[in-house]
There are 2 protein chains.
Amino acid sequence: MELSCKSEYALLALLELADRYSQSEPLQIRQIAALQSIPDRYLEQLLATLRRAGLVRSQRGAKGGYVLAREPWKITLLEVVESIEGTDSQQVETQRGVKSIEGMVIREAWQEAGQAADAVLQKYSLQDLTEQRNSRQQLDLMYYI
Amino acid sequence: MELSCKSEYALLALLELADRYSQSEPLQIRQIAALQSIPDRYLEQLLATLRRAGLVRSQRGAKGGYVLAREPWKITLLEVVESIEGTDSQQVETQRGVKSIEGMVIREAWQEAGQAADAVLQKYSLQDLTEQRNSRQQLDLMYYI
DNA sequence: TGTAAACTCCGGTGGAGAACCGGGATATAA
DNA sequence: TTATATCCCGGTTCTCCACCGGAGTTTACA
């Protein structure tokens with residue numbers, strides 16, 4: 001399980017949006033980029049992808065920006081990473097038509113491993129992560145005192 | 001979970017070696033490459049990596065070749081993929097020194113997903129795969145008759 | 001002892017994707 | 001109308017993957 005820069009940026013941005021979900025005002029790319037130290041022109045691309053995937057909504061023009069398209073507890077990490085990563089669900093397998101039996105057995109093992117990983121990412125929502133972060137922050141504060 | 005060409009080639013080669021584990025004669029790169037349709041010069045690199053990882057032993061010179069360093073049931077898929085894949089254990093993380101709490105929470109989720117996938121790959125040995133293949137072949141034969 | 005057969009080490013290439021940057025077009029609140 | 005934001009098009013640099021080739025080294029065997 002490799003956590004790409006892409007996916008991490010997207011998650012960080014979505015977490016910022018999740019924080020401000022109840023507000024009516026949208027968050028701008030620049031603001032998100034500044035808050036999480038993400039190159040803004042790159043983040044722009046990622047947000048466009050997330051918008052096409054239906055995870056965020058955008059408001060163009062002055063006072064525009066982005067808002068979460070759904071409640072933070074209804075967006076799972078799996079959904080985010082599948083949206084942002086190439087997600088051509090049926091891989092480019094079947095590359096040489098006939099694959100050896102060994103190849104099939106190997107792929108089945110990998111499929112099982114992938115499903116196990118996906119199950120973990122599916123059980124966490126954006127909300128879960130923000131809550132984890134909040135309790136972590138509280139803990140830091142206690143140690144500080 | 002992406003199954004790279006590299007890992008698949010390595011697995012296919014190791015399965016061939018697992019088949020002939022009881023024999024005393026080593027298998028040559030050319031033979032393995034021909035059996036599994038793997039580019040031989042590329043396979044050579046992969047086998048060198050597997051040798052350095054201690055999974056296979058090589059015999060140089062005429063009548064040389066490769067043999068499994070251990071019994072086929074003592075080599076797990078996880079071990080193979082970790083040997084063959086970049087395994088620069090400490091990734092380029094800690095890239096910007098201080099990472100945000102959000103970043104840590106995200107990474108922990110990914111770690112959990114990775115561990116779930118690893119657990120699957122760890123429970124299968126080369127022996128398991130060859131057995132799966134054998135029963136699959138038998139099944140094919142039954143349908144043929 | 002010679003030699004051919006094998007591995008070993010070195011480097012290089014082409015293509016793909018990741019991680020960016022920039023310019024201009026478009027939409028919108030004031 | 002203008003300032004401000006997203007949208008869309010492209011390009012660049014860098015790394016890694018998959019693969020090839022040559023020169024050197026080791027070793028079984030005649």
Side-chain angles (χ1 to χ4, degrees), chain A residues 2-13 17 24-34 36-69 81 83-88 91-93 95-96 103, chain B residues 2-13 17 24-34 36-53 55-69 81 83-88 91-93 95-96:
Chain A
E2 78 305 338
L3 172 56
S4 70
C5 206
K6 248 168 127 155
S7 297
E8 192 179 0
Y9 286 166
L11 257 318
L12 289 172
L17 295 180
S24 56
E25 294 198 345
L27 248 188
Q28 279 117 252
I29 291 180
R30 297 285 172 80
Q31 297 176 14
I32 303 174
Q36 292 291 344
S37 312
I38 303 173
D40 52 353
R41 304 306 253 111
Y42 191 42
L43 180 59
E44 183 190 313
Q45 291 176 221
L46 303 181
L47 284 172
T49 304
L50 293 175
R51 182 180 54 83
R52 281 187 283 269
L55 293 183
V56 298
R57 264 197 292 270
S58 70
Q59 170 93 7
R60 302 184 65 168
K63 299 274 180 184
Y66 288 90
V67 290
L68 235 49
V81 64
S83 303
I84 214 69
E85 229 70 45
T87 188
D88 29 340
Q91 295 105 296
V92 199
E93 318 301 339
Q95 46 204 7
R96 264 303 86 217
Chain B
E2 78 307 335
L3 172 57
S4 70
C5 206
K6 247 168 126 156
S7 297
E8 190 180 1
Y9 286 165
L11 257 316
L12 289 171
L17 294 180
S24 55
E25 295 197 342
L27 247 188
Q28 281 116 255
I29 290 180
R30 298 285 171 82
Q31 297 175 13
I32 302 174
Q36 292 290 344
S37 313
I38 302 172
D40 51 354
R41 303 304 255 111
Y42 190 42
L43 179 59
E44 182 190 313
Q45 291 175 222
L46 303 180
L47 284 172
T49 303
L50 292 174
R51 182 182 54 83
R52 281 188 284 269
L55 293 183
V56 298
R57 264 197 292 270
S58 69
Q59 171 89 9
R60 302 184 65 167
K63 299 273 177 188
Y66 287 89
V67 291
L68 235 49
V81 64
S83 303
I84 215 68
E85 228 67 47
T87 185
D88 31 340
Q91 291 110 296
V92 199
E93 317 301 341
Q95 47 205 5
R96 266 300 86 218

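FYI, side chains are in, hydrogens and waters are out, and symmetry mates aren't considered; it's all heavy atoms of this structure.
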Check your understanding: Hey, what bend do you get for the helix from C/dT1-D/dA30 to C/dA30-D/dT1 if you fit axes on five pairs at each end, rounded to 10°?
Key -> 10°
**Study point:** Euclidean distance, atom CG of residue A/Leu27 to atom P of D/dT4 [Å, nearest integer]
**Key:** 18 Å
Study note, to complete from the structure: Taken to the nearest whole Å, CD/B/Glu8 to P/D/dC17 is 16 Å
Exercise for review: Verify the contact: side-chain N or O of B/Ser58 to OP1 or OP2 of C/dT8, cut-off strictly under 4.0 Å; return yes or no.
Suggested key: yes
Practice item. Look at B/Tyr9 and D/dC17 and indicate whether a side-chain polar atom (N or O) is within less than 4.0 Å of OP1 or OP2. Key: no
**Study point:** Short side-chain N/O contact from A/Gln59 to OP1 or OP2 of C/dA29, under 4.0 Å
**Key:** yes
Review point. What's the OH-C1' distance between B/Tyr42 and D/dC16, to the nearest Å?
Key: 10 Å
Review point. What is the nucleic acid contact for B/Leu47, judged by heavy atoms within less than 4.0 Å: base, sugar-phosphate only, or nothing?
Key: nothing
Point to revise | Between C/dA6 (P) and B/Ile29 (CD1): distance, integer Å | key: 10 Å
Study note, to complete from the structure: The side-chain hydrogen bond (donor to acceptor under 3.5 Å, both in side chains) partners of A/Arg30 (sequence neighbours excluded) come to A/Asp40
Check your understanding: How many Å lie between CG on B/Asp40 and P on D/dA18, as a whole number?
Key -> 16 Å
Revision key, fill the gap. Heavy-atom nearest pair, B/Ser83 first then B/Leu55, reads OG-CD1, 3.6 Å
Point to revise | Minimal non-hydrogen separation, B/Leu12 against A/Gly103, with atom names | key: CD2-N, 4.0 Å
Practice item. Would you jot down, in residue-number order, the residues of residues 61-69 of chain B having a non-hydrogen atom under 4.0 Å from DNA chain D? Key: B/Gly61, B/Ala62, B/Lys63
Practice item. Take atom CZ of A/Arg30 and atom P of D/dA3, then tell me their distance rounded to the nearest Å. Key: 16 Å
**Study point:** Protein-nucleotide distance (A/Leu46, atom CG; C/dC20, atom C1'), rounded to Å
**Key:** 10 Å
Study note, to complete from the structure: On a heavy-atom basis, the closest approach of A/Ala48 and A/Tyr66 is N-OH, 4.4 Å
Check your understanding: Ignoring hydrogens and angles, does a donor from either the side chain of B/Arg60 or the base of D/dT27 sit under 3.5 Å from an acceptor on the other?
Key -> no
Exercise for review: Go through the structure and list residues passing side-chain hydrogen bond (donor to acceptor under 3.5 Å, both in side chains) with A/Glu2, not counting sequence neighbours.
Suggested key: none
Revision key, fill the gap. Considering only heavy side-chain atoms of A/Pro39, the closest of C/dA29, C/dC21, D/dT6 is C/dC21
**Study point:** Set of residues satisfying side chain to side chain contact (heavy atoms under 4.5 Å, CB included) with respect to B/Arg57, sequence neighbours excluded
**Key:** B/Val67, B/Ala69
Study note, to complete from the structure: Applied to residues 43-53 of chain A, the side-chain hydrogen bond (donor to acceptor under 3.5 Å, both in side chains) test, sequence neighbours excluded, yields A/Arg41-A/Glu44
Exercise for review: Rounded off to whole Å, could you give me the CD-to-P distance for the B/Glu2 and C/dG17 pair?
Suggested key: 14 Å
Point to revise | Student check: side-chain heavy atoms of B/Ile29 and B/Ile32 closer than 4.5 Å | key: no
Practice item. List in chain and number order the residues that pass side chain to side chain contact (heavy atoms under 4.5 Å, CB included) with B/Ser4, two or more places apart in sequence or in another chain; answer none if no residue qualifies. Key: B/Lys6, B/Ser7, B/Glu85
Check your understanding: So which heavy atom on A/Leu17 is nearest to which on A/Leu68, and how close?
Key -> CB-CD1, 3.6 Å
Study note, to complete from the structure: The side-chain hydrogen bond (donor to acceptor under 3.5 Å, both in side chains) partners of B/Gln59 (sequence neighbours excluded) come to none
**Study point:** Residue list, side-chain hydrogen bond (donor to acceptor under 3.5 Å, both in side chains) with B/Ser58, at least two apart or on another chain
**Key:** none
Are any protein N/O atoms closer than 3.5 Å to N/O atoms in nucleotides 9-14 of chain C? If there are, list each pair with its distance.
from	atom 1	to	atom 2	distance (Å)
C/dC9	N4	B/Glu44	OE2	3.1

